[in-house]
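Here the structure is a predicted model, which is why all the values come from computation and not from measurement. Scope of the values below: all heavy atoms of this structure, side chains included, with no hydrogens, waters or symmetry mates.
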Amino acid sequence: EVQLVESGGGLVQPGGSLTLSCAASGFTFGKYDMAWIRAAPGKGPEWVSAINKGGRNTYYADSVKGRFTISRDNAKNTLYLQMNSLKPEDTAVYSCATARDELTVSSMIDLDEYDYWGQGTRVTVSS
């Protein structure tokens, strides 16, 4: 059974930092591209970032580029999202997701490309 369990969310002031983790099990983590997807209060899910299976290639939404860093440790079956310079508009539930197939630049923003999602961890950016 595929399991994705996120952690690391919380309340942080604007300008602060958080690191999210996603512990994966039930599949061969190192064989799949992965992504972070967020859902702000009252809004639909939004693609945030993706990383290829080897961890060499990373991609970001324009709204987080330069502030967020995605990474993975295939030996630990864990995906990370380092978030710096957080803004109130980053407030959302952040979920990790597995890609059905190898991602391309055009496919990675399509949420239908992801078949397993975790329950998410809540991030609130507020003073």
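Arg67 is linked by a side-chain hydrogen bond (donor to acceptor under 3.5 Å, both in side chains) to Asp90, counting only residues two or more places apart in sequence or in another chain. The ring-ring contact (aromatic ring centres under 6.0 Å, His included) test applied to Tyr32 returns Phe27, not counting sequence neighbours. Thr58 is linked by a side-chain contact (heavy atoms from CB on, under 4.5 Å) to Ile51, Tyr60, Ile70, counting only residues two or more places apart in sequence or in another chain. Scanning for side-chain hydrogen bond (donor to acceptor under 3.5 Å, both in side chains) contacts around Lys43 gives an empty result, with sequence neighbours left out. With sequence neighbours excluded, the residues that form a side-chain contact (heavy atoms from CB on, under 4.5 Å) with Leu11 are Thr124, Ser126. Not a single side-chain hydrogen bond (donor to acceptor under 3.5 Å, both in side chains) links Asn77 to another residue, sequence neighbours left out. In terms of the side-chain contact (heavy atoms from CB on, under 4.5 Å) criterion, residue partners of Thr28 (sequence neighbours excluded) are, by chain and number, Lys31. For Ser17, the side-chain hydrogen bond (donor to acceptor under 3.5 Å, both in side chains) test picks out Asn84, with sequence neighbours left out. In this structure Lys65 satisfies the salt bridge (charged side-chain N to carboxylate O under 4.0 Å, His left out) test together with Asp62, sequence neighbours excluded.
Thr78 places a side-chain N or O within donor-acceptor distance of the main-chain N or O of Lys76, the cut-off being under 3.5 Å. Side-chain atoms of Thr91 come within 3.5 Å of backbone N or O of Val125 as a donor-acceptor pair. No donor-acceptor distance shorter than 3.5 angstrom exists from the side chain of Asn52 to the backbone of Leu103, with no hydrogens or angles considered. Judged by distance alone, with hydrogens and angles left aside, the side-chain atoms of Trp47 form a donor-acceptor pair with the main-chain N or O of Met108 at under 3.5 Å.
Taking both residues in full, the closest heavy atoms of Gly30 and Arg72 are given as CA-NH2, 4.1 Å, listed atom of the first, atom of the second, then distance. Here the closest heavy-atom approach between residue Ser127 and residue Pro14 is recorded as N-CD, 3.7 Å. Counting all heavy atoms, side chain and backbone alike, Ala24 lies closest to Leu4 at CB-CD2, 3.7 Å. Taking both residues in full, the closest heavy atoms of Tyr114 and Ala97 are given as CB-CB, 3.8 Å, listed atom of the first, atom of the second, then distance. For the residue pair Ile37 and Pro45, the shortest heavy atom distance occurs at CG2-CB, 3.9 Å.
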_Derivation and outcome, side chain to side chain contact (heavy atoms under 4.5 Å, CB included), residues Tyr80 and Ser71_ = CA-CA 5 Å; Tyr80 302 99; Ser71 63; 3.5 Å; yes
*Go through the steps for Gln82 and Thr19 under the test side-chain hydrogen bond (donor to acceptor under 3.5 Å, both in side chains), then give the verdict.*
CA-CA 4 Å; Gln82 172 68 43; Thr19 299; 2.4 Å; yes
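Follow the hydrophobic side-chain contacts under 4.5 Å out from Phe68 and you reach Val12 in the same cluster. Residues Val123 and Val48 are members of one and the same hydrophobic cluster, defined by side-chain heavy-atom contacts under 4.5 angstrom among Ile, Leu, Val, Met, Phe, Trp and Tyr. Tracing side-chain contacts under 4.5 Å through hydrophobic residues (I, L, V, M, F, W, Y), one reaches Tyr116 starting from Phe29; they form part of the same cluster. Linking ILVMFWY side-chain heavy atoms closer than 4.5 Å, directly or via other members, places Leu81 and Leu86 in a single hydrophobic cluster. A continuous path of ILVMFWY side-chain contacts below 4.5 Å connects Val2 to Leu79, so both sit in one hydrophobic cluster.
Annotation: side chain to side chain donor-acceptor pair (under 3.5 Å) contacts involving residues 92-104, sequence neighbours excluded, comprise Arg38-Tyr94, Thr98-Asp115, Thr104-Ser106, Thr104-Ser107. Sorted by first and then second residue, the disulfide bond (SG atoms under 2.5 Å apart) pairs with a member in residues 49-82 form an empty list; sequence neighbours excluded. Pairs engaging residues 76-127 under the disulfide bond (SG atoms under 2.5 Å apart) rule: Cys22-Cys96 [sequence neighbours left out].
Side-chain contact between Leu20 and Thr121 is present, with heavy atoms from C-beta onward closer than 4.5 Å. Under the 4.5 Å side-chain criterion, counting only non-hydrogen atoms from C-beta, Ser63 is in contact with Glu46.
A distance of 4.5 Å separates CG of Leu18 from CE of Met83, quoted to the nearest 0.5 Å.
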